[in-house]
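Labels below follow one simple rule: chain letters A, B, ... track the order of the sequence lines, proteins then strands, and each chain is numbered from 1. Computed from a predicted model, the values in this text were never measured in an experiment.
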2 protein chains.
Amino acid sequence: MELQILLTENKRKYKQIYEQIRQDILKKKLPAHTQLPAKRRLAEQLNVSIMTVQIAYEQLKSEGYIYSVERGGYFVSEVDEDFYFEEPKFLNFKQTNVTHRYINFKNGQVDAEVFPYKTWNRLYKKQLNERDSNHPWQGMNNLRVEIAKYLQQARGLSVEPEQIYLFSGFQQQFMNLCLFFNQSAIGIEDPGFYRANAVCDQLKLQSYGIPIDEEGCTVPTENIKLLYTTPAHQYPTGTVMSIGRRTELLRWADKNDAYIIEDDYDSEFRYKGSPIPTLSHLDIKEKTIYFGTFSKTLLPSLRMSYLVIPSHLQLDFEAFNTNQKATVSAIDQQVLAHFMSEGFYTSHIAKMRTLYRMKRECLITNIKNQLGEEYKIKGDSAGLHIILELREGINETKAIELAKKNGVEIDAVSTMYQCNKPTNKVMIGYGAPSMEDIQRGAGLLASVWHDFLN
Amino acid sequence: MELQILLTENKRKYKQIYEQIRQDILKKKLPAHTQLPAKRRLAEQLNVSIMTVQIAYEQLKSEGYIYSVERGGYFVSEVDEDFYFEEPKFLNFKQTNVTHRYINFKNGQVDAEVFPYKTWNRLYKKQLNERDSNHPWQGMNNLRVEIAKYLQQARGLSVEPEQIYLFSGFQQQFMNLCLFFNQSAIGIEDPGFYRANAVCDQLKLQSYGIPIDEEGCTVPTENIKLLYTTPAHQYPTGTVMSIGRRTELLRWADKNDAYIIEDDYDSEFRYKGSPIPTLSHLDIKEKTIYFGTFSKTLLPSLRMSYLVIPSHLQLDFEAFNTNQKATVSAIDQQVLAHFMSEGFYTSHIAKMRTLYRMKRECLITNIKNQLGEEYKIKGDSAGLHIILELREGINETKAIELAKKNGVEIDAVSTMYQCNKPTNKVMIGYGAPSMEDIQRGAGLLASVWHDFLN
């Protein structure tokens with residue numbers, strides 16, 4: 001096959017080749033497993049050196065967009081469903097495992113070792129020389145433009161940059177919104193994100209626990225005007241909300257003149273089945289407020305998140321926040337904006353999806369092999385954590401206590417329930433630990449829990 | 001005179017000489033205008049090269065701790081009262097004047113051109129290589145240690161790092177505290193910081209305006225348990241709270257079992273009279289919550305501030321904020337911690353104090369010369385803004401409108417009043433504009449206002 005590649009003068013040739021092939025792959029113009037032209041042929045076609053093509057191909061490969069077969073050439077990967085990656089690329093990641101004696105299975109954590117610190121710092125340095133005194137509370141304009149582009153490309157959302165508001169994390173964001181809606185009560189999934197309940201407590205706001213079933217958050221029966229939910233990967237159960245339930249919830253919101261907060265906190269990491277559209281995407285009546293974060297895709301320690309407000313609420317939201325000031329460093333915002341516009345963000349996510357997929361498989365295999373089938377794995381189709389149903393005879397408290405005694409940190413699940421707290425589940429986060437730690441950790445859990453049961 | 005300098009092996013010699021002389025100057029062991037020993041003599045005494053002494057002296061000079069006289073040697077400056085500085089040091093500051101057609105007299109802004117971006121970036125880069133996964137919501141430990149040291153040295157406050165809590169700006173901080181105290185009403189200076197009132201509005205919290213007189217915030221007569229005040233440089237009037245009033249307020253708090261929020265937002269820049277101790281310093285009964293910020297001393301765009309909670313409230317405050325997450329990037333916190341521990345923070349403040357003092361004098365002189373004595377200058381003893389009382393015949397609205405038309409941006413004062421809004425005052429911030437802009441700006445104001453009056 002012949003690639004349609006147009007080279008212009010103003011930009012590095014290999015970058016143009018890389019970028020145009022990448023776009024064709026993302027737009028599915030190049031279907032999975034299509035063979036790319038041989039380097040020499042493409043070089044002749046474009047009248048560039050073989051080395052130029054070589055660099056472009058290697059870049060695409062290192063980012064998982066294409067894969068190579070020994071003496072067979074280069075082929076397109078199954079993008080956003082699967083990424084093939086050369087093992088070595090991962091094995092040579094800095095293994096400066098942050099010196100904790102513990103194996104860290106705690107949830108909400110990422111692999112900070114793989115973050116492109118060099119690139120980030122280069123952009124940071126560049127930013128310090130291109131200063132901009134204008135620092136709107138809503139967030140820097142160019143960053144909001146990049147986020148809007150990303151939401152379009154990755155989540156199929158068409159939002160205006162003006163609808164996007166930056167915050168320094170979930171709590172600021174959620175609190176601001178609760179105050180804006182000025183409701184006496186709010187619905188929060190039960191089990192649900194405990195920080196959402198914490199904000200309600202601080203605001204002395206009544207929160208109703210909305211039960212979860214196998215299709216996700218159920219339709220509220222209480223008289224509430226605001227519902228907090230996590231459709232893509234319910235926190236903590238990991239349930240993916242069914243399309244049916246999504247439309248039901250939207251109908252409920254419309255009928256009851258209510259709004260839905262859709263927290264899309266880790267949807268970038270989806271491993272099973274085809275991506276499910278966001279609520280916001282299905283929402284023609286503009287009843288959803290979309291929550292996004294960079295805590296899972298980049299680093300939680302950056303403290304950057306954002307919300308997307310429906311356009312018809314914008315004026316009121318602006319009015320409510322008159323005199324508001326930004327809560328995220330202008331420099332950090334600019335760095336992120338450039339990180340996104342130069343394509344590092346999407347390639348980092350691609351890379352991390354592959355890494356986390358490998359960690360997830362490593363965890364699941366080791367649980368099956370070392371702990372055995374009596375331990376059931378739930379909610380593993382997306383995100384960075386799974387729910388483990390314990391074998392009969394050992395409960396959450398005991399399991400966590402034994403794990404900790406033996407140097408493995410895992411999280412409780414019961415604490416995320418308002419009622420009917422289960423006692424037979426634990427949460428295992430696989431974002432932070434290395435493959436080695438995951439294997440060792442599963443082994444340790446198996447031995448201590450087994451010893452206890454016998 | 002002979003300097004008592006002790007050199008150890010572990011540290012660069014010039015740094016030790018610089019540091020010990022600096023300490024002697026700050027501790028007033030070396031009174032103002034004392035002549036320092038000749039370089040050669042000190043070099044012999046310490047058995048180091050003349051160049052080593054030279055570097056130390058030049059460093060001290062560039063930071064305004066000492067000044068030199070042609071062929072007369074080096075002398076101690078009048079520290080924290082006055083700084084002498086070599087003109088050239090300033091004139092060669094990068095003049096990349098952020099391209100605004102406007103002369104920026106808006107308040108709450110700093111001179112971002114003088115910020116040590118190189119140093120900051122060096123520390124940032126270093127930080128990226130020394131990662132730390134531990135990110136307590138309260139703020140990084142080493143940063144809180146540095147802040148505690150700084151408060152001790154600069155404000156005479158002896159606080160434990162454990163009492164310090166980092167926030168991403170005033171509003172987050174103030175809101176969290178209001179929610180913690182869970183009061184139905186709160187006292188805010190009138191005129192006062194409008195962002196404080198904005199937070200109360202968002203929280204649907206009643207706020208009483210507490211009148212200001214020439215001694216600062218008056219003693220509240222309303223039944224309130226929380227009072228927000230700015231003793232060092234009342235915002236916006238610039239009044240410095242008298243010692244008498246400070247003790248009255250503390251007595252009031254003690255008697256009424258109330259607490260006082262002392263916002264010390266720009267006390268670092270004090271130009272007249274001897275430094276006045278903070279309320280917190282006088283407060284033996286631990287009735288004050290101290291607010292500090294890096295927005296004035298470094299950059300507002302960094303979004304970093306902190307509060308100091310009385311030790312007896314700590315447990316409750318911690319309990320209230322269980323599940324709270326940090327709101328400031330861990331990397332930025334680490335960078336700031338090193339920026340402070342390596343002495344850049346204090347030297348930057350010293351440098352900025354001198355620069356702002358010069359800008360302030362430039363502004364005052366130009367107002368006197370170009371606008372004339374009929375325009376009264378108020379609240380100029382500290383901070384980065386003054387209040388200008390307008391000449392009869394022209395009011396705030398007209399003055400601002402005319403200024404804007406002619407490319408000069410100044411702020412209103414009436415908007416900061418809850419009642420008895422004055423119409424004859426404007427606010428002029430001199431943090432951002434260059435000396436040249438200050439001069440030109442004053443000239444422009446003089447001509448347009450004069451034309452209007454005739």
Got a second to check how far A/K325's NZ is from B/Q171's CD, nearest 0.5 Å? 8.5 Å
Between the side chain of B/R195 and the main-chain N/O of A/N323, is any donor-acceptor distance below 3.5 Å? yes
Looking at A/K421, I want to see if its NZ is surrounded by more than 12 non-hydrogen atoms of other residues, nucleotides or ligands under 6.0 Å. yes
Distance col, row B/Q127:CD vs A/Y124:OH, nearest 0.5 angstrom, shows 11.0 Å
Taking A/A330's backbone N and O only, do any of them form a donor-acceptor pair with B/R303's side chain (distance below 3.5 Å, no angle check)? no
Supply the atom-to-atom distance A/D332 CG to B/D332 CG, rounded to the nearest 0.5 angstrom. 4.0 Å
Once rounded to the nearest 0.5 Å, what's the spacing between atom CG of A/D201 and atom CZ of B/F320? 9.0 Å
What side-chain hydrogen bond (donor to acceptor under 3.5 Å, both in side chains) pairs are there with at least one residue in residues 174-186 of chain B, not counting sequence neighbours? B/N176-B/N321
Report the residues that fulfil side-chain hydrogen bond (donor to acceptor under 3.5 Å, both in side chains) with A/S329, sequence neighbours left out, ordered by chain and then residue number. none
Nearest 0.5 angstrom please: A/F180 CZ to B/Q202 CD, how far? 11.0 Å
Dump the intermediate steps for side-chain contact (heavy atoms from CB on, under 4.5 Å) on B/K204 and A/L179, then the final yes or no. CA-CA 9 Å; B/K204 306 266 176 304; A/L179 291 168; over 6 Å; no
Side chain / backbone / both / neither for A/N121 at chain B, heavy atoms under 4.5 Å: both
Portion of B/Q333 that has a non-hydrogen atom of chain A nearer than 4.5 angstrom: neither
If you look at every heavy atom in B/Q172 and A/T327, which pair is closest and at what distance? NE2-CG2, 2.6 Å
The interface call for B/V328 against chain A, heavy-atom contacts under 4.5 Å, is backbone
A/M175 portion near chain B, given a 4.5 angstrom heavy-atom threshold: side chain
